[in-house]
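Data first, discussion second: the structure below is written as structure tokens.
What you are looking at is a predicted structure, and each value in this text was computed from that prediction instead of being measured.
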Protein chains: 4
Amino acid sequence: MARTVGSSGPKTAEAIRAAGIRLIYEHGFEAMSLRQLAAEVGLQPGSLYKYFDTKQDLLFDIVREHLEDLLAKIADALDGIVDPVARLAAFAAFHLRYHMTLKSNVYIANMELRSLEPDNRAIIVAMRKRYEAILIDILREGQAAGALHAAEPRVAAFAILAMLTGICNWYRADGPMTQDELVTLHVDLVLGGVGAKRQAVHKAG
Amino acid sequence: MARTVGSSGPKTAEAIRAAGIRLIYEHGFEAMSLRQLAAEVGLQPGSLYKYFDTKQDLLFDIVREHLEDLLAKIADALDGIVDPVARLAAFAAFHLRYHMTLKSNVYIANMELRSLEPDNRAIIVAMRKRYEAILIDILREGQAAGALHAAEPRVAAFAILAMLTGICNWYRADGPMTQDELVTLHVDLVLGGVGAKRQAVHKAG
Amino acid sequence: MARTVGSSGPKTAEAIRAAGIRLIYEHGFEAMSLRQLAAEVGLQPGSLYKYFDTKQDLLFDIVREHLEDLLAKIADALDGIVDPVARLAAFAAFHLRYHMTLKSNVYIANMELRSLEPDNRAIIVAMRKRYEAILIDILREGQAAGALHAAEPRVAAFAILAMLTGICNWYRADGPMTQDELVTLHVDLVLGGVGAKRQAVHKAG
Amino acid sequence: MARTVGSSGPKTAEAIRAAGIRLIYEHGFEAMSLRQLAAEVGLQPGSLYKYFDTKQDLLFDIVREHLEDLLAKIADALDGIVDPVARLAAFAAFHLRYHMTLKSNVYIANMELRSLEPDNRAIIVAMRKRYEAILIDILREGQAAGALHAAEPRVAAFAILAMLTGICNWYRADGPMTQDELVTLHVDLVLGGVGAKRQAVHKAG
DNA sequence: TATGAATGAGGCTTCATTCAT
DNA sequence: AATGAATGAAGCCTCATTCAT
């Protein structure tokens, strides 16, 4: 994948971002060199600095934009759903679809937290907590309403998130199961795990 | 100048291993430098090469020994248990305890697969598959016996493993919940997820 | 801090090549460090890698270009000469002049064969064989024509080449004998050695 | 070629010497490491220092002993021969046989002059000059006696030595020509080169 | 907007050598 | 006579980054 000859301005910026995501996903942030990235986009290494100030900034931007997107879309996905079990099912379905679709972005955000400088990491961790809090709240409400069992909603939320996120480790678009089948399977695991009766339909993510 | 008196072979080897695990856990394999590692152990960087041939070998040894240990211990943990649901519970309990106790080793084995050279990675992946296969078999038998629902045992196993392994991301020995409480909570999530009736006692891991 | 103003690309490349030849000639390839080379050219060691990929490549390029040059020029030097003895004299004269003029390059090509990696060495050895073959053919033709004695042209060629090349070991441009005198002396040795009657004039190399 | 278990004292010293010669011959002095040498002899690297003080000393000893041997044996080879042409033939024959037999030692002495420290090099160069002087004297006497042409005996001697020494570059004991055939061939080249009539028999070296 | 030359720090690794045991 | 642990210097090489053009 080489140079987009004559690429200019915004197109180059987007190409850098895309190549950056791919390379970080494949090799890890530390292992990816700006030389590689530049080669991928058809630039000299030094030229990248028109588009970011620091390798660290590139990572931070990718991760932050991912989390902003995630937070915006989960809000949409839950909008208008009130029943706690339905909300739980909708959360799980959304999370799965998002993670199957944007596997690389998600993977990076999870794996490369470690590579973020303390200040940047703090910002990202705070955003992640806002996302987790959404699930924790759903569990808490469901427990309060007697619709499911989650005596420790925080721990249960972590467990559920880990399970759903795990799909990034092996999902392939060309695998034997469809996204819908995988969603159904996992939503059942989640609802069963907290003793909720499956019912409502989940909106698409 | 020769050796700093008081240092000795096997003790140094063990110190290097321990420091290696800690540093890889904290910074990642790529980000850890042998200078750091040497400083941590009180050696010159070059002196490390009495104890391994290559930075890559250090990683491979850590990961391989972890998986050998894991495979040996899960066999013990399941030994003598026949009922599929009991086996599932025992598997989950063992996995959790092991991952809470040897968090760093586990974390490294999961995160740094990427940093292993192809040949080494193949060996490790094969060992991991043997471990996964144990859980898949349990689910398959349970399904066959009508004791639980796992129409797709492979996918269910991945989901369960991701959930249980996730505990490494946040568990602290000095946290508010005991290991036993966490085990109970997670085993319930697992059994509930596959629609199994909780029953048997789980052997300690 | 960026570049030291006043330095420029091709000039630097040529300076590196020249310094490389000198240092390898003086210290040997293994003994020459890239630190030395960089210092000689006024660069940081890492900066050398704009100009070659590998220390080995630097050596290979030097040796290969030397042999390409040698092969091109011997063809010129023999062009149009048909009499075998005249060709032998022309070959010897050319070889001597070339070796006196480009002593370092020649010396490196002979001494550092050992330092070339197998693949590179094979390429160079093949080129050398083409050069040797020219002399062998001359001797063979002379023998066939009854103009000289060379029952074993291959061995004789090696002996002659060794003798002529030996001049690199001690020749100094400021020594007591001129190049012309040395050429005459050696050509006599060669022709006498194979029992040929001196005759033709040798074209300058 | 590994450890001579239980080898002690003088036997070890000789093994080190032999392995040293082989390794320097194969890889060059700079490229040979004391680790290699130690492994070859079945010792730890540090243990070599019972047998020499310095890597440099090892080289110097090898080269010096070679030259001492050479000087002693050429004296024997010429002993009792008075006719200059006969002496020249004897010298050439001796030189060739010695170089075919002790190829590695000779090669090292020629190639690794460069690796000797200045003081050591000066000593060796002086010994070499004594050897060269023998040939120069023979040529001078032959010229004075009108038995051969060598207007510049020093230069002629260098040329002859280079030719004869060149045999190290390609001679193989299992090659198609015998030592005797090669000696004859080269002696003819030498005598022919200086216009001497072949006559006397050459003593074996 | 991009290049091309360069920096300086630091990466992993190997080396000759030392010395207590 | 030999080991085994260690040193300290240096090896080749790669990196993120800078900046004149």
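Remark on DNA chain E: of its neighbouring residues C:K50 and B:P45, the 5'-side contact belongs to C:K50, judged by nearest-heavy-atom nucleotide. Toward the 5' end of DNA chain F, the nearer of the two residues B:Y51 and A:Q56, judged by each one's closest nucleotide, is B:Y51.
Between the P atom of E:dG4 and the CD1 atom of C:I16 lies a distance of 16 Å, rounded to the nearest Å. Distance OH (C:Y49) to P (F:dC13): 3 Å, rounded to an integer number of Å. In this structure, the CG atom of C:D57 is 9 Å from the P atom of F:dC13, given to the nearest Å. Straight-line distance from the CG atom of D:D53 to the C1' atom of E:dC19: 15 Å, rounded to whole Å. Rounded to whole Å, atom P of F:dC13 lies 10 Å from atom CG of C:L58. Atoms CD (C:Q44) and C1' (F:dC15) sit 14 Å apart, rounded to a whole Å. Note: NZ (C:K55) to P (E:dT13) measures 19 Å, nearest angstrom. Distance, B:K11 NZ to F:dG4 C1': 15 Å, rounded to whole Å.
Counting any heavy atom pair closer than 4.0 Å across all strands shown, C:L43 reaches sugar-phosphate atoms only and no base atom. Residue D:F52 is out of contact with every strand shown, counting any heavy-atom pair closer than 4.0 Å.
With rounding to the nearest 0.5 angstrom, the CG atom of C:N169 is 8.5 Å from the NZ atom of C:K103.
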Begin from the C-alpha positions of D:Y51 and D:V41 and carry the test side chain to side chain contact (heavy atoms under 4.5 Å, CB included) through to its verdict. CA-CA 12 Å; D:Y51 298 91; D:V41 181; over 6 Å; no
Checking A:L113 against A:V63 for the side chain to side chain contact (heavy atoms under 4.5 Å, CB included) test, could you report, in this order, the C-alpha distance in whole Å, the side-chain angles of both residues, the deciding distance, and whether it holds? CA-CA 9 Å; A:L113 258 194; A:V63 176; 5.5 Å; no
Which is it for B:E117 and B:T54 under the side chain to side chain contact (heavy atoms under 4.5 Å, CB included) test, yes or no, and what are the steps along the way? CA-CA 12 Å; B:E117 286 169 0; B:T54 277; 5.5 Å; no
May I have the step-by-step check of side chain to side chain contact (heavy atoms under 4.5 Å, CB included) for A:M111 and A:Y25, ending in yes or no? CA-CA 9 Å; A:M111 296 279 286; A:Y25 175 69; over 6 Å; no
Which string of ( ) [ ] | and . matches DNA chain E, if you list each base 5' to 3' and count Watson-Crick or G-U pairs only when both distances are under 3.5 Å? .||||||||||||||||||||
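A heavy atom lying under 4.0 Å from DNA chain E marks the following residues of residues 26-38 of chain B, by number: B:M32, B:S33, B:L34, B:R35.
We find that B:R114 and A:E112 are joined by a salt bridge, their nearest charged nitrogen and carboxylate oxygen being less than 4.0 Å apart.
For A:S47, the side-chain atoms get nearest to E:dT3 when compared with the rest of F:dT7, F:dT3, E:dT3.
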